[in-house]
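Please read the structure below before turning to the comments.
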Amino acid sequence: MTTYRAIRGMVDILPEDTPLWQSMEAAALEVLSSYGYEEIRLPIIESTDLFARSIGEVTDIVEKEMYTFADRNDVSVTLRPEGTAGCVRAVVQHNLAVTPQRLWYIGPMFRYERPQKGRQRQFHQLGVEAFGVSSPDQDAELIALCRQFWRRLGVDDALRLEINTIGSSEDRARYRDALVAYLSQHVDQLDEDSQRRLETNPLRILDSKNPSTQQVLDNAPGLQDYLDNNTRTEFEQLLSYLKALGIEYVVSPRLVRGLDYYNKTVFEWTTEYLGAQSTVCGGGRYDTLLETFGGKATPAAGFAVGLERLTLLMKALDIKVTPAADLYVITANEAAFRYSLTRLDGVRRRFPELDIVQHLGGGSFKSQFKRADKSGAAWALVYGESEVAAGQVTLKPLRAGAEQKTIADTELEVFLEEILNDAKST
RNA sequence: GUGGCUGUAGCUCACCAGGUAGAGCACCGGAUUGUGGCUCCGGAGGUAGCGGGUUCGAGACCCGUCAGCCACCCCA
């Protein structure tokens, strides 16, 4: 018999983890709504061309990481490796950029890479994109929003903001020429990857970790010297906003991001808790991407959060979310079970917010109480023979020190009301 | 895609010069009649990732393959 496994890099998120995901998603929704961002839901498949053109033909993502295949009509399609391209496509297609537009989306992304911790072939991102504002107040808002999100989750102390400006595409073109001219004189000292990039994507050489390459870079021309005044003052302004917000940052002159569409501001939130996969969130400005897609020239900026990495970080920080039921229902026999069934149907309707777990499969009181305990429920609600006969119900506290008590079943609603009030006040 | 490490019960792991598997936790049941958490007793559960080879005999050795982990690369 064949036993099946999920295919490489595809990960099941099991019930023990879903509460953490749900709390993370709830926090995201709350924070995003509070800033006036609206959800957009996008397809997982787009035409291959869309990604190649926006992310960049010579990036690693496009060169070797895309899940690309021909559909039944022989059209080349690709499972989205990131969300910005599809979001921009939708914005252009539906002409959503007519007014300042704040959007977010959440969902799976696909990259054919070798899996390791914090890296999967299917993973999930929260993406946030803002269209129509070119000034750095937009960049500041995005970063402030991130920090608010970190705070809600309790991970803000574990994340560090790295930020840089990479200028306009004209700035970068001039700088690229200068960089290539310089590096070409030291080709033999560059590592193999960097030599290749000299032809394809020279800016990426900047964040090479190879020591010899780094040495050469020490005397290389700096991008800062090629920025126009406008870019510089905008960056300074952004930094002043961050100071006003009390957000600590590190300006990293060699932070260049891997996707071609970025310009001006780029940033990453990184952590030391995740080993080699330290980037939890990355983003920046992409003012020319809409034009590339045939839209009206529209400035834009955004970022994406790696949700698996965020959950990993939360676990590393020992942040736990364990929702337990409020009530666990125990019954003595068939008649009591039948009684509880109809009784609780009404209770559920009246208290939809209560989590009521009914014991199924019968068994002794002992085994039912064991189950009740393991369920983590706060209270055991018991319909035994005598209770049913007397029109009563027994309530046994499973967690705290209160006394077990037996009350008239008609008083159950009053009791539940109290439980809810207690829960709200704590 | 490159290099390294690993793969034994649900989980964490052990054993053995190569002679046909064990612990802890978890799970199920019991310790007098309707009550959990502690303790004690008992039970169930593994064709040792998969395939091939060496051997009288392999989970242990070799090869392949699949998967996981770590680093590189890159990114979320």
Side-chain angles (χ1 to χ4, degrees), chain A residues 1-11 14 16 55 58-65 80-84 106-128 146 191-194 196-197 201 204 207-210 255-259 266 268-271 274-283 302-313 328 330-333 336 359 361 363-389 394-401 404 406:
Chain A
M1 210 187 75
T2 317
T3 60
Y4 288 101
R5 291 185 52 94
I7 63 179
R8 172 109 109 148
M10 306 292 163
V11 175
L14 303 177
E16 62 176 319
I55 296 168
V58 295
T59 57
D60 277 20
I61 291 179
V62 172
E63 277 183 339
K64 56 182 197 186
E65 294 174 4
R80 62 181 186 191
E82 58 102 42
T84 302
I106 194 167
M109 306 292 164
F110 302 84
R111 258 121 97 159
Y112 194 89
E113 297 184 87
R114 195 142 161 184
Q116 61 188 80
K117 199 181 217 73
R119 168 183 295 171
Q120 300 162 190
R121 289 183 176 180
Q122 175 176 340
F123 61 103
H124 298 79
Q125 284 187 341
L126 166 68
V128 180
C146 286
D191 61 278
E192 206 176 315
D193 278 330
S194 295
R196 187 176 62 91
R197 290 204 189 102
N201 203 343
R204 299 298 304 292
D207 48 20
S208 165
K209 284 168 193 157
N210 183 279
L255 173 64
V256 182
R257 293 185 48 75
L259 289 69
V266 293
E268 285 185 3
W269 292 87
T270 60
T271 179
L274 264 40
Q277 270 62 54
S278 59
T279 305
V280 169
C281 170
F303 65 83
V305 180
L307 267 17
E308 276 79 4
R309 290 183 186 177
L310 236 200
T311 60
L312 251 23
L313 178 58
Y328 192 94
I330 290 172
T331 55
N333 51 37
H359 179 88
S364 64
F365 263 49
K366 191 188 197 68
S367 63
Q368 293 194 50
F369 272 102
K370 274 189 180 180
R371 290 282 190 186
D373 182 51
K374 275 164 196 148
S375 78
W379 293 85
L381 202 151
V382 186
Y383 285 109
E385 237 172 306
S386 58
E387 283 90 342
V388 172
T394 294
L395 300 153
K396 173 163 183 164
L398 263 16
R399 308 287 115 193
Q404 169 174 331
T406 299

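Every chain is numbered from 1 and lettered A, B, ... according to where its sequence line falls, protein lines coming before strand lines.
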Residues in ring-ring contact (aromatic ring centres under 6.0 Å, His included) contact with A:Tyr383, at least two apart in sequence or another chain: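 For A:Tyr383 the ring-ring contact (aromatic ring centres under 6.0 Å, His included) partners, ignoring immediate neighbours, are A:Tyr339.
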Test of understanding: with side chain to side chain donor-acceptor pair (under 3.5 Å), list the residues that count as partners of [X], not counting sequence neighbours.
| X | value |
| --- | --- |
| A:Thr270 | A:Glu162 |
| A:Asn333 | none |
| A:Asp191 | A:Ser194, A:Ser208, A:Thr213 |
| A:Glu268 | A:Arg257, A:Thr279 |

For [N] versus [M], give the span between their [atom1] atoms, rounded off to a whole number of Å.
| N | M | atom1 | answer |
| --- | --- | --- | --- |
| B:A60 | B:A21 | P | 14 Å |
| B:A17 | B:C13 | P | 23 Å |
| B:A76 | B:G18 | P | 50 Å |
| B:U39 | B:G4 | P | 47 Å |
| B:G19 | B:G24 | C1' | 27 Å |
| B:A14 | B:C72 | C1' | 34 Å |
| B:G59 | B:C15 | C1' | 11 Å |
| B:U65 | B:U2 | P | 11 Å |

Check: A:Asp373 side chain, B:G36 base, donor-acceptor under 3.5 Å: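 Such a pair exists between side chain and base.
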Donor-acceptor pair present, A:Lys396 side chain and B:G36 base, under 3.5 Å: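 Present.
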Nearest-angstrom distance from the residue atom [atom1] of [X] to [atom2] of [N]:
| X | N | atom1 | atom2 | answer |
| --- | --- | --- | --- | --- |
| A:Gln122 | B:A76 | CD | C1' | 14 Å |
| A:Arg121 | B:G68 | CZ | C1' | 13 Å |
| A:Met10 | B:G68 | CE | P | 10 Å |
| A:Ile7 | B:C66 | CD1 | P | 14 Å |
| A:Phe110 | B:C75 | CZ | C1' | 17 Å |
| A:Glu16 | B:C11 | CD | P | 11 Å |

Taking atom [atom1] of [X] and atom [atom2] of [Y], what is their separation to the nearest 0.5 Å?
| X | Y | atom1 | atom2 | result |
| --- | --- | --- | --- | --- |
| A:Leu259 | A:Asp60 | CG | CG | 10.5 Å |
| A:Glu308 | A:Leu274 | CD | CG | 11.0 Å |
| A:Ile61 | A:Glu82 | CD1 | CD | 6.5 Å |
| A:Leu395 | A:Thr406 | CG | OG1 | 7.5 Å |

Looking at every strand, decide which applies to [X] at a 4.0 Å heavy-atom threshold: base, sugar-phosphate, or nothing.
| X | value |
| --- | --- |
| A:Gly283 | nothing |
| A:Gln120 | base |
| A:Pro397 | base |
| A:Val280 | sugar-phosphate |

Could you list all N or O pairs between the protein and nucleotides 41-44 of chain B that sit under 3.5 Å apart?
none

Please list, one pair per line, the donor and acceptor atoms closer than 3.5 Å that link side chains of residues 106-117 of chain A to other protein atoms, with sequence neighbours excluded.
residue  : atom : partner  : partner atom : Å
A:Arg111 : NH1  : A:Pro81  : O            : 2.5
A:Tyr112 : OH   : A:Arg121 : NH1          : 3.4
A:Gln116 : NE2  : A:Gln277 : OE1          : 3.1

Residue A:Gln404 excluded, over 12 heavy atoms near CD under 6.0 Å: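 Result for CD/A:Gln404: enclosed.
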Nucleotide-level pairing of RNA chain B, given in dot-bracket where Watson-Crick and G-U pairs need both distances under 3.5 Å and | marks other strands: (((((((..((((........)))).(((((.......))))).....(((((.......))))))))))))....
Side chain of A:Leu398 - closest among B:G36, B:C28, B:A76: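 Closest of the options to the side chain of A:Leu398: B:G36.
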N/O donor-acceptor pair under 3.5 Å between A:Arg309 side chain and A:Gly118 backbone: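 Here the side-chain-to-backbone pair exists.
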Footprint string (nucleotides 69-74 of chain B, 5' to 3'): B base within contact, S backbone only, - free, heavy atoms under 4.0 Å: SSBBBB
Test side-chain contact (heavy atoms from CB on, under 4.5 Å) applied to A:Ile7 - qualifying residues, sequence neighbours left out: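 A:Met10.
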Could you go over nucleotides 30-34 of chain B and give all protein N or O partners under 3.5 Å, atom names and distances?
residue : atom : partner  : partner atom : Å
B:G34   : O6   : A:Ser386 : N            : 2.7
B:G34   : O6   : A:Ser386 : OG           : 2.0
B:G34   : O6   : A:Glu387 : OE1          : 3.4
B:G34   : N1   : A:Ser386 : OG           : 3.3
B:G34   : N1   : A:Glu387 : OE1          : 2.8
B:G34   : N1   : A:Glu387 : OE2          : 3.4
B:G34   : N2   : A:Glu387 : OE2          : 2.9

Shortest non-hydrogen separation from A:Ala380 to A:Ile330 and the atoms involved: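 Closest approach of A:Ala380 to A:Ile330, heavy atoms only: CB-CD1, 4.3 Å.
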Which pairs of donor and acceptor atoms, one on a side chain in residues 365-375 of chain A, lie under 3.5 Å apart (sequence neighbours left out)?
residue  : atom : partner  : partner atom : Å
A:Ser367 : OG   : A:Ser364 : N            : 3.1
A:Ser367 : OG   : A:Ser364 : O            : 2.9
A:Ser367 : OG   : A:Ser364 : OG           : 3.2
A:Gln368 : OE1  : A:Thr331 : N            : 3.3
A:Gln368 : NE2  : A:Thr331 : O            : 2.9
A:Gln368 : NE2  : A:Gly363 : O            : 3.1
A:Asp373 : OD1  : A:Arg399 : NH2          : 3.1
A:Ser375 : OG   : A:Ala372 : O            : 2.7
A:Ser375 : OG   : A:Ala377 : N            : 3.1

